Every structure is written in C-alpha cells, then in structure tokens.
J.: 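Have a look at the structure that comes next, please.
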There are 2 protein chains.
Amino acid sequence: MTTIRDVAAQAGVSVATVSRVMKGDVPVNDETRARVQAAIEMLDYAPNAFARSLASNRSQGVGLLISHLGGPFMSRFMATVEEALRRSDYSLMVAAGHSDATREREALRFLSSKRCDGVLVHADGLEDDALRMLAGQMNMVVINRQVQGLAGQCVYIDNRRGGYLATRHVIELGHRHIACLTGPLSKQDARWRLEGYRQAMQDAGLPLDEAAIIEGDSQDGSGRYAIDLLRTRKSPITALVAGNDEMAMGAMSRLKVLYPGIRLPDALSVVGYDDEHYACHLAPTLTTVHAPVEEMARAAVTLMEARLKGGEPPGFESGFTPTLMTRESTGPAPDQGVFCSTRSTF
Amino acid sequence: MTTIRDVAAQAGVSVATVSRVMKGDVPVNDETRARVQAAIEMLDYAPNAFARSLASNRSQGVGLLISHLGGPFMSRFMATVEEALRRSDYSLMVAAGHSDATREREALRFLSSKRCDGVLVHADGLEDDALRMLAGQMNMVVINRQVQGLAGQCVYIDNRRGGYLATRHVIELGHRHIACLTGPLSKQDARWRLEGYRQAMQDAGLPLDEAAIIEGDSQDGSGRYAIDLLRTRKSPITALVAGNDEMAMGAMSRLKVLYPGIRLPDALSVVGYDDEHYACHLAPTLTTVHAPVEEMARAAVTLMEARLKGGEPPGFESGFTPTLMTRESTGPAPDQGVFCSTRSTF
DNA sequence: TCATGTCATGTAACCGGTTACATGATGGTT
DNA sequence: AACCATCATGTAACCGGTTACATGACATGA
C-alpha cells in the first residue's frame with residue numbers, strides 16, 4: 001500500500017504538502033501541486049480512510065437507521081440517499097431497527113460506535129423523548145417524523161393531510177359509512193393518518209363510528225382481518241380507508257374471495273397509502289396516497305450535509321405534502337353497502 | 001471521549017492489558033481482568049473504531065454492492081444480511097451499482113477505498129472477467145451469480161431450473177404455444193432463465209418459435225410491450241413465461257385492458273419469477289418462481305465470515321434451487337389462444 | 001539597511017488503538 | 001543453588017494520516 005510518505009518522497013516534498021494538495025482548499029504553489037498530483041497519479045495513491053478519520057475525527061460516513069428494511073418506499077428512499085451521499089464522498093452505513101425501541105436504540109449505539117459523522121434516523125419504535133435525547137449526542141436528521149424541539153432536523157410528511165385527502169375523496173364520492181384500518185397506533189404516522197380521517201369525517205358532518213376504526217399491523221393479513229371483522233358487525237360500511245397499501249391489498253384480496261361476483265368498488269371502495277409500485281397493477285387499481293419519497297430523501301441528505309459542514313441550517317421547508325392518486329378502487333357510494341345485512345347477497 | 005489510556009490508568013494496568021481484555025482470547029489474570037472490566041464499565045469506554053482499524057488493518061465492516069436497490073427481494077436480502085453481520089459486530093456499508101458496469105466498478109472502488117474487510121457483490125453489469133480480476137484484489141463473495149473460477153465464493157440459484165420449472169408447468173397444463181419474455185439478455189440470470197425455457201420446450205418436443213421470445217427490461221412496461229407485440233403478430237400464444245413478476249404484472253394489466261371480458265388464465269396463462277410479496281394479491285394471483293432469499297443471504301454472510309476468519313471455506317453447497325408457486329394465473333390451455341386471429345373477440 | 005508582513009513549505013506532535021518484544025515473578029528440575 | 005520454562009504484564013514502536021507551529025524566502029515601507 002502506498003502511503004502519503006511515499007508520495008511525498010516521490011514528489012520531493014513533505015507529507016504536509018501532500019496532505020494539503022489532497023485537501024484542496026489550502027493554497028499550494030501551482031508547480032508543487034502539479035508535481036504532487038503527478039506523484040499521486042504515478043503511485044496510484046489512495047489515502048487510508050482510517051488514518052484520516054483517526055486524525056481528523058471525521059469518518060466521512062453517515063449511518064442510516066431504518067426501522068423496517070422491508071417497509072414501503074425504503075428501497076426508493078435508500079437509493080436516493082445512497083446516490084446523494086456518494087456524490088459527496090460519504091459512505092452509507094445501514095442498520096435496521098426492526099420497529100422496536102430497544103433494537104433501534106441498539107442500532108444507533110452501533111452506528112455511533114462506528115463513529116458515523118451523522119445518522120439519518122427512520123425510527124418508529126423510539127419515543128420522541130428518546131430521540132430528543134439521542135439527538136443531543138449525535139448529529140441526527142429524523143426522517144418521516146416531526147419531533148417537537150428538533151426543528152430543522154426533521155424531514156416529514158403531513159400524514160394528517162394524507163389521511164384527510166383519502167377520506168375526503170370517498171366522502172366526495174358520496175360515501176357516508178367509512179371504516180378506517182390503521183397501522184399500529186403506537187406509531188406516530190398511523191395516529192396522524194387516523195387523525196386526518198377523523199377530521200375529514202367531522203368536516204363533512206358525518207358521525208364518527210368508533211367501531212369502524214380498526215387497528216391493524218400494516219401487514220396484508222390485517223386487511224383480511226378487517227374485512228372479516230366488518231362483516232361480522234354487518235355495519236353498513238361502503239368504504240375503507242387503509243393505513244397503507246399492504247393492508248388495502250389484503251382487504252381487496254379478501255373481498256374478492258368473499259364476493260367473487262361483485263366488482264370491487266361496488267362492494268367496497270378501498271383507499272391505500274404509500275402508492276407502492278404495484279398499486280396501479282392491482283385489480284382494481286388502487287386509489288392511494290402518494291409521498292414524494294425521492295424529494296424527501298434528498299432533503300434529508302441536504303439537511304445532514306448542512307449540519308456536517310457546520311454552517312447555518314438551510315432554511316428550507318422540510319415538511320412535505322402527500323397527494324392523492326385516484327384510481328379504480330374507489331367509486332360512487334352504492335345505495336346499500338355490501339356489508340349491510342339487508343343485502344340479498346348475504 | 002475516554003480512551004484506552006484512561007481505562008488503563010483507572011484500573012492501574014497498562015494499555016496493553018486493557019487491549020488484551022478487550023480482545024478476549026488472550027490469557028489475562030482473572031483478578032486483573034475483573035479490575036479492567038470494572039474500569040471499562042465505570043468509564044463507559046468504547047474503543048475508537050478508527051484507531052483500532054488503523055492499527056489492526058481491519059475495518060470490521062463489509063460492503064454490499066447492490067446492482068439495483070429497487071430490485072426484487074433486495075429488501076429481504078439486505079435485512080437478513082444486516083442482521084447476520086451485526087450479530088458478528090460487523091457493520092454494513094451499502095453502495096448501489098445501478099446495473100451499469102462502470103458504476104458498479106466505481107462502487108467497488110469506493111467500498112474498497114473505505115477499506116471494507118470484504119464485499120458482497122450483487123452485480124449484473126460487470127463481466128465475469130472483471131469480477132474474477134476484482135476478486136483477486138479484495139475479499140469477495142458474489143451473490144446471485146455463478147462465476148467460473150470463483151468456486152466457494154459464489155452464492156447462486158439455479159435460474160435455468162427456475163425457467164425450466166415455469167415452462168414445464170404450463171406445458172403440463174397443455175400449452176403448446178408459449179412465449180417467453182426475458183429480462184435484458186446482457187444479464188446472466190435472464191440468459192439462464194431463457195435457457196431453462198428452451199430446455200423445457202425441447203424436452204417436451206415442442207417447436208421453438210424464436211419470434212415468441214421477447215427481450216424486455218425487467219420493468220412492468222415490458223409486459224405491456226410484450227402483449228402488444230404478441231398481439232400484432234397474432235401468433236397463437238396461450239401462455240407467457242416472464243423473467244420476473246414485474247413484467248408478468250405489466251402483461252396481466254395490459255391483458256385486462258385489452259380483453260376486459262375474459263378471465264385471465266383463459267386469455268393467457270402467465271408465469272412470473274421472484275415471488276414478490278404482491279404476487280399472491282394480484283388478480284389472478286400470480287404463479288411464479290420462488291427463491292429462498294433469506295437462506296441465500298445467510299449463506300453469503302457465512303461464506304464471507306469464513307473468508308474473513310481466514311479458515312477453510314465451509315464446504316457447504318452454495319447453489320440453491322428455486323421452487324414453483326402455483327397460483328391462479330396459469331390454467332389449462334384453451335382450444336384457441338386469445339391472440340389467434342380466428343378468434344371472434346378480435 | 002533593517003524591521004515587518006506574506007506566502008509556501010517543512011517539522012513533528014498527535015489521534016487511539018495493536019502487538020512484538022522485554023521484563024520480572026514464580027515454580028519445577030537437576 | 002543454579003537454571004530454565006512458563007506466565008502475566010509492561011514498554012514502546014507503529015499504523016497513516018492531519019495540522020499547529022516553525023522556518024525561510026522574498027517583497028514592502030520606513
């Protein structure tokens with residue numbers, strides 16, 4: 001392995017000069033710089049990252065804590081983050097938190113033990129308090145979540161608005177009996193989406209039926225479960241607002257099994273959330289809420305880089321707004337919901 | 001930051017002794033060890049990863065080069081790899097190659113510049129030759145690909161068999177005119193899957209119609225394209241074997257648009273590949289080829305750890321076998337294919 | 001002419017570990 | 001008693017960079 005000393009010897013200068021040339025922003029005589037660069041070229045020199053980190057106390061790496069690696073849009077998110085970071089010569093270290101407070105904390109400890117310069121945190125297990133505390137110990141940007149007291153280091157999306165949009169959409173289609181299938185209410189985003197649902201119902205002057213709110217686990221199985229539950233209740237539900245596409249998909253699958261003869265939006269209008277890439281290939285194609293994931297990822301990296309450079313945090317808006325993708329899974333409200341006990345198909 | 005010297009002072013021993021206690025496998029007097037451990041505990045000491053790496057020339061990190069972060073099963077794969085590595089206190093550094101030889105090479109250079117102890121390489125842009133060469137320069141385990149000359153450092157799956165299984169399945173259902181929609185044939189796995197298709201056709205004594213082999217790009221758009229193409233040709237195709245679920249999904253969507261009245265397997269039997277988690281929620285649910293991704297990921301890590309420890313490579317079999325998941329998208333061959341020009345729906 | 005400032009460059013301490021080798025204590029053998 | 005092996009521990013060189021400070025060359029103004 002060629003070291004900085006080899007290069008210095010080859011170029012006939014001191015190691016300090018080589019270091020300065022590598023760094024780039026320190027004034028060096030043009031002729032000297034050229035000689036050093038020639039030597040670097042000739043010896044195919046690449047600085048030792050460890051030595052550099054040890055001396056400068058910076059790792060040139062940022063950690064990414066992902067609550068659940070298989071989660072929606074994670075791949076899109078990570079791809080964008082990786083690309084943006086690499087452009088700045090930062091490496092990306094990934095750790096998974098498995099949506100569990102203890103494991104997320106452990107993952108952060110791990111990343112911190114690896115001396116990341118900063119961490120992008122997508123945690124849904126940790127409490128706000130824990131995040132605030134940890135943010136004091138390391139350079140942190142929080143993704144997909146708004147934490148009070150961590151202004152300027154959160155990139156989030158208005159989940160309340162997402163839930164609102166989804167619900168208002170079916171209301172506008174004439175639905176009055178609308179169920180809501182949420183993700184685990186221990187998660188902030190699930191709570192906000194539900195809040196949006198509540199608000200939309202209230203704004204439309206519709207009664208809130210607490211029995212029509214079902215807490216799921218964000219997996220497709222919950223969709224099936226929700227349908228079965230709503231069916232036993234035989235409440236006159238005509239639309240379902242789901243907390244994510246996965247559960248919406250599960251619900252639709254179950255409906256197709258139970259009511260093979262009925263076209264789906266006629267049986268039940270279903271709205272998803274996340275706009276996963278399969279959403280437009282389901283049958284019927286899924287109306288869902290779309291988030292600008294790539295933009296959010298870029299914003300997170302920008303925020304992080306600003307923190308790392310130590311300058312003023314860029315004053316840009318890091319709150320994003322979801323949009324509704326209207327597709328076939330939602331349609332006009334029928335006179336009678338499929339779940340209504342008076343319906344002949346029962 | 002507390003250093004090893006602080007701990008040494010606190011415990012009244014030398015830094016070497018502390019280092020030995022940290023290492024674990026060197027004999028240290030029990031009483032001394034206890035004192036050191038108490039000091040570590042008391043000072044909440046965590047060794048500086050850079051210093052350690054610099055001195056020992058090991059990074060305790062492995063890189064993961066992913067050709068395409070959004071690709072099938074990547075999240076499952078990564079989740080498993082991350083968990084297995086972390087258990088051994090290795091960190092995971094991710095770089096994306098974007099399915100392009102140059103960018104993959106660049107990503108490897110990057111990971112190597114960060115001094116990873118080893119790299120797990122999922123590359124589909126690089127040539128075998130390039131991989132063989134690079135494998136000489138760094139500790140490498142190749143994922144999802146069998147490279148001649150790199151025995152014992154590849155974890156792969158028998159794509160030929162996968163293609164064979166998919167094709168034989170529809171043949172057994174009575175289909176005789178079977179199209180094949182492949183991924184980019186510049187990719188090894190796409191070529192092998194096609195090879196399996198060919199073999200199955202041949203084994204069944206069916207004629208090979210080269211016009212029924214279409215090269216796609218692994219995106220859903222290719223599915224649509226393939227259907228449109230087959231339709232103009234009006235060849236009497238009754239089944240389609242696709243190179244992945246994405247394309248199969250695209251094809252089915254297109255079919256549903258074109259022939260809204262016909263149930264899908266009657267119009268065309270479709271087989272996918274990858275068994276993505278949405279496969280069983282499409283309508284009809286998608287018959288597809290399943291790979292034991294988690295097992296493969298664990299095997300890759302095991303192989304890597306063996307290389308890192310420097311011991312003998314474990315003699316286990318790193319070739320995996322795919323299985324067919326039979327679902328609704330395939331059915332008995334109709335008398336007349338939907339693409340047959342004599343059909344009345346045209 | 002000499003003090004002073006500017007600029008490019010060199011010297012060497014430092015980051016915080018690992019580890020080869022030195023040291024010294026202990027106990028067994030002849 | 002002298003010798004040697006064994007074992008736990010300490011000393012200090014080393015890994016390969018960064019950077020504060022020193023140095024020396026040259027230009028400027030009094």
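All chains are named by letter (A, B, ...) in the order of the sequence lines, taking the proteins before the strands, and each is independently numbered beginning at 1. These numbers were taken from a predicted model, which means no experiment stands behind them.
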J.: Quiz question: by atom type and distance under 3.5 Å, do the side chains of B:His68 and B:Ser99 form a donor-acceptor pair?
T.: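 B:His68 vs B:Ser99: no donor-acceptor pair found between side chains.
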J.: Name the one of A:Glu294, A:Glu82, A:Glu83 that satisfies salt bridge (charged side-chain N to carboxylate O under 4.0 Å, His left out) with A:Arg76?
T.: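 The passing option is A:Glu294.
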J.: Where do A:Gly63 and A:Cys116 come nearest, in terms of heavy atoms and distance?
T.: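 Taking A:Gly63 first and A:Cys116 second, the nearest heavy atoms are N-SG, 3.6 Å.
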J.: Can you check each nucleotide of nucleotides 17-26 of chain C against protein heavy atoms at under 4.0 Å and return B for base, S for sugar-phosphate only, - for none, in 5' to 3' order?
T.: BSBB------
J.: Please tell me whether A:Ser112 and A:Gln137 have a donor and an acceptor in their side chains that are separated by less than 3.5 angstrom.
T.: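 Distance-only check fails for A:Ser112 and A:Gln137.
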J.: Could you state the CZ-P distance from B:Phe50 to D:dC14, rounded to the nearest angstrom?
T.: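 Computing the B:Phe50:CZ to D:dC14:P distance gives 24 Å.
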J.: Atom CG of A:Asn29 to atom P of C:dA8: distance rounded to whole Å?
T.: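 Rounded to whole Å, this separation is 7 Å.
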J.: Rounding to 10°, can you tell me the angle the first-five-pair axis of the helix from C:dT1-D:dA30 to C:dT30-D:dA1 makes with its last-five-pair axis?
T.: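 It works out to 60° between the end axes.
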J.: Between B:Thr321 and B:Asp158, does any side-chain donor sit less than 3.5 Å from a side-chain acceptor?
T.: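 No, no side-chain donor-acceptor pair sits under 3.5 Å.
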J.: Are B:Glu305 and B:Ser88 close enough that a side-chain donor and a side-chain acceptor fall under 3.5 Å?
T.: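 There is such a pair between these side chains.
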J.: Rounded to whole Å, how long is the line connecting atom CG of A:Asp6 with atom C1' of D:dC15?
T.: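 Checked: the CG to C1' distance equals 13 Å.
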J.: Does a side-chain N-to-carboxylate-O contact under 4.0 Å join B:Arg145 and B:Asp128?
T.: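 Looking at B:Arg145 and B:Asp128, the cut-off is met.
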J.: Hey, are A:Asp117 and A:Arg58 close enough for a salt bridge, meaning a charged N less than 4.0 Å from a carboxylate O?
T.: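 Answer for the salt bridge query: no.
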